[in-house]
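A quick write-up on the structure given underneath.
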Amino acid sequence: MDSCDVLVRGNGLVGHALALSLARIGLRVALQPAGPLQPSEGDGRPRDDVRAFALNASSVELLQGLKVWPSLPIHATTAVHDMRVEGDVPGAALEFSSWDQRVGELAWIADAALLERELAAAVRFSPHIECVAASATVDAPLTAVCEGKASSSREAHGVGFDRRPYGQRAIAARLTCDRPHSGSARQWFRSPDVLALLPFDAPAPGASYALVWSVPDARADELLAMSSDDFNAALNEATGGAAGHLQLASERAAWPLLRAQADRWSGAGWVLVGDAAHVVHPLAGQGLNLGLADVQALTDVLAARESWRGLGDERLLRRYERRRLAATRAMVEITDGLLHLFAHPAPMVRELRNRGLTLVNQWSPLKRWLSAQATRG
Ligand SMILES: Cc1cc2nc3c(=O)[nH]c(=O)nc-3n(C[C@H](O)[C@H](O)[C@H](O)COP(=O)(O)OP(=O)(O)OC[C@H]3O[C@@H](n4cnc5c(N)ncnc54)[C@H](O)[C@@H]3O)c2cc1C
């Protein structure tokens, strides 16, 4: 392909979703990876990503519209009906339930590797999308940069990226449990750790979790170096047996954590989308949700453009940036604020944050508002 309407650079989840979404509004899309095409794009095998993502209702709606959600195998998604967030003193907790919030489910947990595989398959079958080689030169009025946090195109456009590492890593793994998860997600804020158990139906149907355990770098090194038995013991000690007895059911993998925001999201002929524009701590499970909301917003803006406006028109692209900036900045600040609040060692702050949790738990309107933000994005 020598020319197209939109060149999507970056074939992660957001790049794939954007290519499909733009193809659905009739645009001709070229999708360009960073290097040689990955095995998952060639032979349909999932990549080895042990993560499972919490997706909100808006993300699921988008994936349904792209016909990706319905083609996921049944064990690839699990509905969350309850969520319990615990502080670092006994009894301080915030609880949400889909029943109280009057929604079908609070969120869905989706297998990262299978989601990526289905997105890649949908891209392969789309007549409007061509996957081009990393070295190809493609002429397009608009380039959508979906290259993730280490994007080189972002740098080439001279965009500042305010990157602040947390000195923490998130350890992810799959677990099995001796008790059913009953659709309940659990999270513990135990200064400075944040540990989340996301209910999942594989490998043990109804009795598995996806783990995301954020810990300081030195502790991450220890946890990764431990034998499985020692890791299981540390994990069960950290959760106090509240979810049942947990056991590793996969390899452990770790991601360095940071917050980051681009100081500009668009210019003449280019836009940033997904982690290329913003990175948040995974404690609220919102990074991909924000990226998919970017995809929806950019699609809407391009679809509604005046007939005389080109796809790379700077003013048009600024509409997209304006639509996404406030919500994204708010999410970066909220997750950052929560992390610092719960990592603060001072006894007074500890007392206040735990009381705060209990108070919010008793204040239904605020709880409903928080829940709506998390479920709709
Ligand atoms: C442990 C953990 C748990 C998480 N849990 C959740 C969750 O529960 N819910 C949620 O919503 N989010 C979650 N996230 C966040 C989520 O993983 C990311 O926000 C999301 O995957 C970002 O997708 P992306 O496509 O923007 O970027 P990436 O996944 O980084 O993809 C970028 C792609 O671009 C390619 N690329 C790089 N440079 C170039 C180049 N120059 N040219 C072409 N291609 C290039 C890369 O190879 C890659 O394929 C979690 C993150 C972590 C670390």
Side-chain angles (χ1 to χ4, degrees), residues 51-64 68-70 72-87 91-112 114-115 172-189 194-213 235 239-247 249 282-289 292-293 331 334-335 338 357-358 360-377:
R51 288 177 299 176
F53 293 133
L55 295 182
N56 63 27
S58 305
S59 296
V60 172
E61 253 168 50
L62 174 78
L63 293 167
Q64 263 162 346
V68 168
W69 193 258
L72 283 165
I74 188 101
H75 63 272
T77 59
T78 303
V80 180
H81 293 293
D82 300 287
M83 171 146 193
R84 184 177 168 85
V85 181
E86 290 189 30
L94 181 54
E95 289 176 316
F96 298 98
S97 86
S98 54
W99 172 259
D100 285 348
Q101 307 307 320
R102 301 180 186 98
V103 291
E105 56 282 311
L106 292 176
W108 285 89
I109 308 302
D111 183 290
L114 292 173
L115 182 57
R174 293 301 167 84
L175 311 171
T176 53
C177 186
D178 64 354
R179 266 196 232 156
H181 60 58
S182 310
S184 294
R186 309 188 66 120
Q187 191 168 36
W188 289 265
F189 282 87
V194 184
L195 192 158
L197 294 179
L198 308 176
F200 205 65
D201 287 338
S208 307
Y209 286 100
L211 168 73
V212 185
W213 194 357
L235 178 63
T239 58
H245 187 76
L246 302 162
Q247 252 191 315
L283 70 87
Q286 288 296 328
L288 180 58
N289 288 306
L292 294 177
M331 189 55 74
I334 287 170
T335 48
L338 267 175
L357 266 190
T358 312
V360 173
N361 198 41
Q362 290 161 355
W363 192 12
S364 301
L366 178 56
K367 229 166 97 168
R368 254 201 294 281
W369 182 84
L370 283 172
S371 177
Q373 298 306 304
T375 51
R376 293 306 310 184

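Worth knowing before you read on, the calculation uses all heavy atoms, side chains too, and leaves out hydrogens, waters and symmetry mates.
Residues meeting the side-chain contact (heavy atoms from CB on, under 4.5 Å) test with Ala284, sequence neighbours left out: Gln286, Thr335. In this view, Ser98 and His81, Val103, Leu106 satisfy the side-chain contact (heavy atoms from CB on, under 4.5 Å) rule, not counting sequence neighbours. Residues passing the ring pair (Phe, Tyr, Trp, His ring centres under 6.0 Å) test with Trp188: none are found, sequence neighbours excluded. Residues satisfying the side-chain contact (heavy atoms from CB on, under 4.5 Å) test with Ala76, not counting sequence neighbours, are Leu72, Pro73, Asp111, Leu114. Qualifying salt bridge (charged side-chain N to carboxylate O under 4.0 Å, His left out) partners for Arg186, counting only residues two or more places apart in sequence or in other chains: Glu86. Evaluation of the side-chain contact (heavy atoms from CB on, under 4.5 Å) rule for Ala172 yields Val50, Arg51, Trp255 as partners, not counting sequence neighbours.
Under the 6.0 Å distance and 45° angle rule, Arg174 counts as a cation-pi partner of Phe200.
Closest approach of Leu55 to Leu288, counting heavy atoms only: CD2-CD2, 3.8 Å. Residues Ala207 and Arg179 share a closest heavy-atom pair of CB-O, 3.9 Å. The two residues Asp100 and Ser97 make their nearest non-hydrogen contact at N-OG, 3.0 Å. Shown here for Val80 and Asp82, the closest heavy-atom pair between the two residues is CG1-O, 3.4 Å. When all heavy atoms of Asn289 and Ala54 are compared, the pair lying nearest together is ND2-O, 3.0 Å.
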Practice problem: For Leu195 and Leu235, run side-chain contact (heavy atoms from CB on, under 4.5 Å): C-alpha distance rounded to whole Å, both residues' side-chain angles, the deciding distance at 0.1 Å, then the answer. | Solution: CA-CA 9 Å; Leu195 192 158; Leu235 178 63; 4.1 Å; yes
Quiz item: Can Trp108 and Phe53 be said to form a side-chain contact (heavy atoms from CB on, under 4.5 Å), step by step?
Solution: CA-CA 8 Å; Trp108 285 89; Phe53 293 133; over 6 Å; no
Exercise. Check the pair Tyr209, Leu198 against side-chain contact (heavy atoms from CB on, under 4.5 Å), reporting the backbone distance first and the verdict last.
Key: CA-CA 5 Å; Tyr209 286 100; Leu198 308 176; 5.7 Å; no
Quiz item: After noting the C-alpha distance and the side-chain angles of Val212 and Gln187, does the key distance pass the side-chain contact (heavy atoms from CB on, under 4.5 Å) rule?
Solution: CA-CA 9 Å; Val212 185; Gln187 191 168 36; over 6 Å; no
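Atom-to-atom distance recorded for His181:NE2 and Ser208:OG is 6.5 Å, nearest 0.5 angstrom.
For the side-chain contact (heavy atoms from CB on, under 4.5 Å) with Leu246, the lone residue among Leu197, Thr176, Asp178, Leu211 that qualifies is Leu197.
Within the 4.5 Å cutoff, side-chain heavy atoms of Ile109 are placed close to those of Pro199.
In this structure, Thr78 contributes its side chain and Asp201 its backbone to a donor-acceptor pair below 3.5 Å.
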